[in-house]
Student: 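Below is a structure I'd like to ask you about.
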Amino acid sequence: MRPRPGGRFGPAQLRLALAAPRPAAGLTSEWRLVDGLRTHTRRSTGPQTGAPPVVLVHGLAVSHRYLTPLAVALAATHPVYVPDLPGFGLTEHPVAAYDVHRHAAHLAAWLAAYRLPPVCLLGHSFGAEVAASVAANHPDAVRALVLAGPTSDPVARSRRAQFGRWLLDTLGEAPLQAPVLGRDILNARPWRVLATLSHSVHNAIEADLVRITAPTLVVAGERDPVVPARWRAQTARLVPNADLVVVPGAPHNVVATAPTAVADAIRHLLAPYPALLDR
């Protein structure tokens, strides 16, 4: 399939992103105790269609907020869940910043707490590292996997290099994402963001990619300097059963600025599995 071009993040998307915990656009907030932490989830409230649930996992420094446009785009056809990882968004803060595998263990416990059937798991940026770990270590929980803008490129696996690429990416991002990022950093605290970045650049995602058995989609923006063409292609090659979709004109936050294109790609990924609709 050829994806639609990159979209935008305007005032309506900003209001939606900052709405929680108030209900908005068919999304509501709830908290559950998961591994001793009060964990916040933004979820869709539409009719249960029987389609496989889609779980969206946010990236570094951010939260459910920037993923809400994608959640709304998917909610017409799928139940959607957007948990905040420990220490981010509206989830309780653990004392220390979790590394990738501890975040993955918490997410696996979250899936068990919700008693969901095998899900389509999407992780964006740092969240792709977490999602890859879950898919590799808990294959029965993941029906399909989407790695959107996966970090981190081995040739830029340092805090300085990743920060430099992120600064370059900001030149192509929608400006109204800035208030969302500011709120998220305030919630998480800068020290946790920096500590999590350190964990990210010390995580060799390749070791998880080669063990993934679920059908996988690698999604990236055409103009994403954090995930350049060579690295996104390498990611797709490392996963045994993966396809690559590049969204024209989109930057790193492709899930926020091109939610319709990403939602279309997810539906296309899930289309060969109609038996899931009868669960």
Side-chain angles (χ1 to χ4, degrees), residues 29-43 52-64 67 79-152 157 162 184 187-189 191-216 235 238-240 255:
S29 287
E30 64 184 35
W31 284 262
R32 292 194 185 185
L33 195 65
V34 178
D35 272 357
L37 292 178
R38 190 168 181 263
T39 302
H40 171 259
T41 300
R42 197 72 167 158
R43 62 177 293 182
V54 180
V55 177
L56 309 178
V57 185
H58 64 79
L60 178 71
V62 285
S63 73
H64 73 276
L67 293 171
V80 183
Y81 300 80
V82 195
D84 283 332
L85 296 175
F88 296 92
L90 302 179
T91 287
E92 183 178 349
H93 289 191
V95 174
Y98 283 9
D99 63 12
V100 170
H101 297 295
R102 196 165 182 189
H103 274 303
H106 187 271
L107 183 57
W110 179 94
L111 289 168
Y114 272 79
R115 299 185 178 182
L116 296 175
V119 303
C120 175
L121 183 63
L122 176 146
H124 174 246
S125 197
F126 174 74
E129 299 181 57
V130 176
S133 180
V134 172
N137 293 294
H138 304 274
D140 292 343
V142 179
R143 185 65 188 88
L145 179 67
V146 181
L147 303 174
T151 52
S152 58
R157 201 164 275 171
Q162 287 297 300
D184 284 335
N187 283 154
R189 306 293 187 267
W191 72 263
R192 189 181 304 276
V193 174
L194 290 173
T196 305
L197 176 57
S198 293
H199 288 313
S200 173
V201 299
H202 287 96
N203 176 58
I205 188 175
E206 301 93 325
D208 287 326
L209 296 177
V210 297
R211 297 189 297 120
I212 292 168
T213 57
T216 299
T235 301
L238 286 170
V239 180
V255 290

Student: Quick one: list whatever passes salt bridge (Lys or Arg N to Asp or Glu O under 4.0 Å) with Glu30, sequence neighbours left out.
Tutor: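 Glu30 satisfies salt bridge (Lys or Arg N to Asp or Glu O under 4.0 Å) with Arg32, Arg43 once adjacent residues are dropped.
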Student: Hey, could you give me each pair passing salt bridge (charged side-chain N to carboxylate O under 4.0 Å, His left out) that has a residue in residues 84-100? Not counting sequence neighbours.
Tutor: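 As it turns out, there is no salt bridge (charged side-chain N to carboxylate O under 4.0 Å, His left out) pair with a partner in residues 84-100 once direct neighbours are skipped.
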Student: Applying side chain to side chain contact (heavy atoms under 4.5 Å, CB included), name anything that partners Ala108, two or more places apart in sequence or on another chain.
Tutor: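 Testing Ala108 for side chain to side chain contact (heavy atoms under 4.5 Å, CB included), a comparison that skips the adjacent residues, returns His138.
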Student: Under a 4.5 Å cut-off applied to non-hydrogen side-chain atoms, are Ser63 and Leu90 in contact?
Tutor: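 Ser63 vs Leu90: side chains apart.
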Student: Starting at OH of Tyr81, measure out to CG of Leu111 and round the result to the nearest 0.5 Å.
Tutor: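 Answer for the OH-CG pair, Tyr81 versus Leu111, is 10.5 Å.
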Student: Decide yes or no for Pro118 and Pro52: does some side-chain heavy atom of the first lie under 4.5 Å from some side-chain heavy atom of the second?
Tutor: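 Side chain of Pro118 against side chain of Pro52, heavy atoms only: no contact under 4.5 Å found.
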Student: In Å, rounded to the nearest 0.5 Å, how long is the span from CZ of Arg102 to CG of Asp35?
Tutor: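 Result: 9.0 Å between the selected atoms.
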Student: Is any side-chain heavy atom of Tyr98 closer than 4.5 Å to one of Leu37?
Tutor: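 They are in side-chain contact.
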Student: For Val142 versus Ala135, what's the shortest heavy-atom pair and its separation?
Tutor: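 Distance-wise, the nearest heavy atoms are CG2-CA, 4.0 Å.
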Student: By side chain to side chain contact (heavy atoms under 4.5 Å, CB included), which residues pair with Ala204, not counting sequence neighbours?
Tutor: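 Only Arg157, Glu206 meet the side chain to side chain contact (heavy atoms under 4.5 Å, CB included) criterion with Ala204.
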Student: Kindly give the heavy-atom pair with the smallest separation between His58 and Pro83, and that separation in Å.
Tutor: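 So the minimum-distance heavy-atom pair works out to CD2-O, 3.6 Å.
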Student: Considering only heavy atoms from C-beta outward, does the side chain of Leu107 approach that of Trp110 to under 4.5 Å?
Tutor: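 In contact.
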Student: Please report the shortest heavy-atom distance between Val193 and Ala61, naming the atom on each side.
Tutor: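 Scanning both residues completely, I find the closest heavy atoms to be CG1-CB, 3.6 Å.
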Student: Are Val55 and Tyr114 packed together at the side-chain level, in the sense that at least one heavy-atom pair is separated by less than 4.5 angstrom?
Tutor: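 Side-chain contact under 4.5 Å: no.
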Student: Going by side chain to side chain contact (heavy atoms under 4.5 Å, CB included), name the residues that satisfy it together with Ala132, two or more places apart in sequence or in a different chain.
Tutor: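 Ala132 satisfies side chain to side chain contact (heavy atoms under 4.5 Å, CB included) with Leu147, Ile205, Asp208, Leu209, Ile212 once adjacent residues are dropped.
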Student: Heavy-atom distance under 4.5 Å between the side chains of Thr39 and His106, does that happen here?
Tutor: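 The answer is yes, as the side chains (C-beta and beyond) meet within the 4.5 Å cut-off.
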Student: Among Val146, Thr235, Leu145, which residue satisfies the side chain to side chain contact (heavy atoms under 4.5 Å, CB included) criterion with Thr216?
Tutor: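 It is Leu145; the other options fail the test.
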Student: Please enumerate all residues that pass side-chain hydrogen bond (donor to acceptor under 3.5 Å, both in side chains) together with His103, with sequence neighbours excluded.
Tutor: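 side-chain hydrogen bond (donor to acceptor under 3.5 Å, both in side chains) check on His103 returns nothing, list empty.
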Student: Under a 4.5 Å cut-off applied to non-hydrogen side-chain atoms, are Thr91 and Leu85 in contact?
Tutor: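 Not in contact.
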Student: What residues form a side chain to side chain contact (heavy atoms under 4.5 Å, CB included) with Val210, not counting sequence neighbours?
Tutor: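 Only Leu238 meet the side chain to side chain contact (heavy atoms under 4.5 Å, CB included) criterion with Val210.
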Student: Only pairs at least two apart or in different chains count here, so list each side chain to side chain donor-acceptor pair (under 3.5 Å) that has a residue in residues 121-133.
Tutor: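 Output for this query lists Tyr66-His124, His101-Ser133, Ser125-His252, Glu129-Thr151, Glu129-Ser200, Glu129-Asn203, Ser133-Asn137.
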Student: Would you name the heavy atoms of Ala195 and Ala97 that are closest together and state the gap between them?
Tutor: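 Where Ala195 meets Ala97 most closely, the heavy atoms are CB-CB, 3.7 Å.
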Student: Please identify each residue that fulfils salt bridge (Lys or Arg N to Asp or Glu O under 4.0 Å) with Arg189, with sequence neighbours left out.
Tutor: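 If we apply the salt bridge (Lys or Arg N to Asp or Glu O under 4.0 Å) test to Arg189, skipping adjacent residues, there are no hits.
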Student: Just to verify, what does His64 make a ring pair (Phe, Tyr, Trp, His ring centres under 6.0 Å) with, not counting sequence neighbours?
Tutor: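 Listed in chain order: His40.
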Student: Rounded to the nearest 0.5 Å, how far does NE2 of His199 lie from CG of Leu60?
Tutor: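 Between atom CG of Leu60 and atom NE2 of His199 there are 11.0 Å.
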Student: Can you check whether Ser152 reaches Gln162 side chain to side chain, under 4.5 Å on heavy atoms?
Tutor: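 Touching, per the 4.5 Å side-chain cut-off.
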Student: Between Phe126 and Leu197, is the side-chain contact (heavy atoms from CB on, under 4.5 Å) condition met? List the steps.
Tutor: CA-CA 8 Å; Phe126 174 74; Leu197 176 57; over 6 Å; no
Student: Not counting sequence neighbours, which residues clear side-chain hydrogen bond (donor to acceptor under 3.5 Å, both in side chains) with Ser198? List them please.
Tutor: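 For Ser198, the residues satisfying side-chain hydrogen bond (donor to acceptor under 3.5 Å, both in side chains) (neighbours in sequence not counted) are Arg159.
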